[in-house]
2 protein chains.
Amino acid sequence: MKDVARLAGVSPMTVSRVVSGEPGVAPATAAKVGQAVRALGYQRNDNARHLRRKSPGTATIGLLVDDLANPFYARMARSVEDEAHRRGCLVLIGSTHDEPRREREVVAAFTARQVDGLILVPTAAGHGFLRGPAHAGTPVVCVDRPAPGLAVDTVTVDNRAGARRAVTHLLAHGHTRVAYLGDRVGIWTQGQRCAGYLDALTARGIPEDPALIRHGLRTGDQARAALAGLRALPDPPTALFTSNDLITLGVLDDLDHPAPLAVVGFDDLPLAERLTPPLTVISQDPLALGGAAAGLLFSRIAGDTSAPRSVVLETRLVERGSGELRRA
Amino acid sequence: MKDVARLAGVSPMTVSRVVSGEPGVAPATAAKVGQAVRALGYQRNDNARHLRRKSPGTATIGLLVDDLANPFYARMARSVEDEAHRRGCLVLIGSTHDEPRREREVVAAFTARQVDGLILVPTAAGHGFLRGPAHAGTPVVCVDRPAPGLAVDTVTVDNRAGARRAVTHLLAHGHTRVAYLGDRVGIWTQGQRCAGYLDALTARGIPEDPALIRHGLRTGDQARAALAGLRALPDPPTALFTSNDLITLGVLDDLDHPAPLAVVGFDDLPLAERLTPPLTVISQDPLALGGAAAGLLFSRIAGDTSAPRSVVLETRLVERGSGELRRA
DNA sequence: CTGAAAGCGCTAACAC
DNA sequence: GTGTTAGCGCTTTCAG
């Protein structure tokens, strides 16, 4: 900046004013400065700028998701970045890979960079560290899952209602033996979906049968094995509710034999309508999740200090065939 | 920091040393400082730190892709972030949505934040702005497509060889009328894939038939319409090479009627093996792309000033059925 | 309308 | 081992 000032024959202060588009500079002076800027290829150092400026922070937010490669979070990230871009804000990104340690590290690195706010898909573990004085003043929005014991804005989808809807749909097609296949119940979304499954049974007066409930399925293969187990029961299910896409895919190949099973999955899949059978799913809208989270965060950044809000988005039942199979 | 110093009864300099883990501080002093840090919830301001430190820049890189929501770029981003994290580096992210203006804006914002380097999926348009003095000293790596006229490191996949392989595969199954369905040839990857298609024909001595070549298909519906046109020819094709996944999906439903067509697509799809027919594809490895780009960038950042390098990754032919249909 | 001085939070370089 | 001084690149504040 000093170089530009020298070349333009003005003081650094004037260069600052021109570069920042502040009023009160003679057009002629501004032009000279502009030329010097272009001649030298000068670019303002925004880090230094934000160091001195008190006004709007650093115009940077942090986004920390479980895994960027997951299309669900990728779409969320996209809409967060779009919202940030509309507001002239940059986005620092990170993946936790569900490791609380990595989460803590990255959050620390983000706040050390003076981000104006944080959008976070919390890992399962405790988030006491976010409550410390280090984070006072940095607004946080949790998205996709809440952070237990952390009083911050949260955007989730109504997993429980969605699961209930799925299972109710199956019951409406005459099924009475509906199995639940899920990942670990400790995962918040899974717990919610299982609760929704039970809600639906209860509403119909169908007693819960522990033999039909399988938790902790972490891979497609495990799901497949679980299904085999279910089919070996004396009174096997005629329908399945699969609680995430990995599990849905795992059972897909074994739906027809020996007896056809109806299935509704939670989470939409890219090509669900082209599978055989076309998959009926409960679908979520990751773009809306990201958009809502960004909206909340920016209103906090703008100074909104009201009580923490909880936004819950609805899911959608998409009927494509696999869930409309009537009981044999 | 001054507050911490006061509370610990030492000078700010000592706090700095402790917080930065520098040697040469008495353990007792370090302990006192540590307590004060925790009591106040102090966190170092890394922006200010990097302002003064000359050593390793800001430990931040910029990643600019076409669209974060695209699973291909999402996976690339994930591996870039992983590599960056391994090196204690943060990642600023952005989407261009293929708009050169947005690309320029975001690149400018990144460099204004003093990123140590840039990984870029260049838009189609010119990149003269990257050559200006403003970017001297900020290493850039282009990934997925080259930036015409820009002498920087580039990581791409061998689109041409992949396409050639796909078409050769179809020819080997007895087909002589193989059609090409692609997006605008002006898009670099599409141009390469079309060239590969022609290579394969030439190698077999099969003359190119313009009636079998369709460019500019931007949607699945357009691809479908193009296929209808091909089928109406007096001498219709018996096999297709589809040059991206959108096009592949577009034609998928019309492969069997009136006559069965063999097809090989460029780009793998998540559930390709579960479609009917299971899809034979040329698959790329976005994680490897991202990893290679990050590797190159970090070696540049570390001071490698050798001539710009071009890394070209191979594709893989994945045979699943749709491409192994013999000529009727 | 423009410039000089001071300082944002931190660390390099040197003194003690 | 620890403190002092100066200054990173910019903007605030106030004086001309």
Side-chain angles (χ1 to χ4, degrees), chain A residues 1-34 36-37 40-60 108-116 133-134 137-138, chain B residues 1-34 36-37 40-60 108-116 133-134 137-138:
Chain A
M1 181 155 118
K2 275 195 292 205
D3 300 336
V4 175
R6 193 162 24 235
L7 185 70
V10 296
S11 82
M13 195 52 236
T14 303
V15 176
S16 169
R17 286 195 253 257
V18 172
V19 168
S20 300
E22 275 180 37
V25 179
T29 320
K32 266 195 308 187
V33 172
V37 164
L40 297 177
Y42 166 76
Q43 264 211 289
R44 184 176 59 196
N45 180 332
D46 274 352
N47 288 338
R49 168 168 221 236
H50 293 131
L51 190 58
R52 191 69 175 92
R53 260 169 97 85
K54 274 281 118 73
S55 357
T58 57
T60 308
F110 283 180
T111 55
R113 292 298 202 294
Q114 314 295 111
V115 294
D116 296 335
T138 304
Chain B
M1 181 156 117
K2 276 194 292 206
D3 300 336
V4 175
R6 192 163 24 234
L7 185 69
V10 297
S11 83
M13 196 53 233
T14 302
V15 177
S16 169
R17 286 195 253 258
V18 173
V19 168
S20 300
E22 276 178 36
V25 178
T29 322
K32 265 194 308 186
V33 172
V37 164
L40 298 176
Y42 166 76
Q43 264 212 289
R44 184 176 59 197
N45 180 333
D46 275 352
N47 289 338
R49 169 169 220 237
H50 292 132
L51 191 57
R52 190 68 176 92
R53 263 168 94 85
K54 275 282 121 75
S55 356
T58 56
T60 308
F110 283 180
T111 56
R113 293 298 203 292
Q114 314 295 111
V115 294
D116 295 336
T138 305

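Chain letters run A, B, ... following the sequence lines, proteins first and then strands; every chain starts at 1.
- Here dT2(C) presents its C1' atom at 11 Å from NZ of Lys32(A), a figure rounded to the nearest Å.
- Remark: side-chain polar atoms of Ser20(A) are not paired, donor with acceptor, to backbone N or O of Arg17(A) under 3.5 angstrom.
- Sorted by first and then second residue, the salt bridge (charged side-chain N to carboxylate O under 4.0 Å, His left out) pairs involving residues 40-52 of chain A (not counting sequence neighbours) are Arg44(A)-Asp46(A), Asp46(A)-Arg113(B).
- Here the P atom of nucleotide dT11(D) and the CD atom of Glu22(A) are 8 Å apart, to the nearest Å.
- When rounded to the nearest whole Å, the span between CZ of Arg113(A) and P of dG9(C) equals 18 Å.
- Among the nucleotides dC8(C), dT11(C), dC10(D), the one closest to any side-chain atom of Arg49(B) is dT11(C).
- Distance CG (Asn47(A)) to C1' (dG9(C)): 13 Å, rounded to an integer number of Å.
- Here CG of Asp116(B) is found 8.0 Å from NE2 of His50(B). Values are rounded to the nearest 0.5 Å.
- For Asn45(B) and dC10(D), the CG to C1' distance is 14 Å, given to the nearest whole Å.
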Q. Please walk me through it: do Phe110(B) and Thr138(B) pass side chain to side chain contact (heavy atoms under 4.5 Å, CB included)?
A. CA-CA 10 Å; Phe110(B) 283 180; Thr138(B) 305; over 6 Å; no

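- Between the side chains of Thr58(A) and Gln114(A), no donor-acceptor pair of N or O atoms lies under 3.5 Å.
- A side-chain donor-acceptor contact under 3.5 Å links Ser11(A) to the backbone of Met13(A).
- Taking atom CE of Met1(B) as the reference point, atom C1' of dG7(C) lies 14 Å away to the nearest angstrom.
- Distances shown here put a side-chain N or O of Arg53(B) below 4.0 Å from the OP1 or OP2 atom of dA12(C).
- Within the helix from dC1(C)-dG16(D) to dC16(C)-dG1(D), the inter-axis angle between the opening and closing five-pair segments is 30°, rounded to 10°.
- For the pair Gln114(B) CD and dC8(D) C1', the interatomic distance rounds to 11 Å; values are reported in whole Å.
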Each nucleotide N or O in nucleotides 2-6 of chain D that has a protein N or O under 3.5 Å away: list the pair and distance.
from, atom 1, to, atom 2, distance (Å)
dT2(D), OP1, Thr29(B), OG1, 2.4
dT2(D), OP2, Ala26(B), N, 2.7
dT2(D), OP2, Thr29(B), OG1, 3.1
dG3(D), OP2, Ser11(B), N, 2.9
dG3(D), OP2, Ser11(B), OG, 3.1
dG3(D), OP2, Thr14(B), OG1, 2.6
dG3(D), N7, Arg17(B), NH2, 2.8
dG3(D), O6, Arg17(B), NH2, 3.1

Q) Taking it one step at a time, do Val18(B) and Thr29(B) satisfy side chain to side chain contact (heavy atoms under 4.5 Å, CB included)? A) CA-CA 9 Å; Val18(B) 173; Thr29(B) 322; 5.9 Å; no

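- Side-chain atoms of Tyr42(B) lie closest to dC10(C) of the nucleotides dC8(C), dC10(C), dC10(D).
- Of all the heavy atoms in Leu51(A) and Asn45(B), the pair that sits closest is CD1-ND2, 3.9 Å.
- Considering every non-hydrogen atom in both Lys2(B) and Pro12(B), the closest pair reads CG-CG, 4.3 Å.
- Rounded to whole Å, atom C1' of dT12(D) lies 13 Å from atom CG of Leu51(A).
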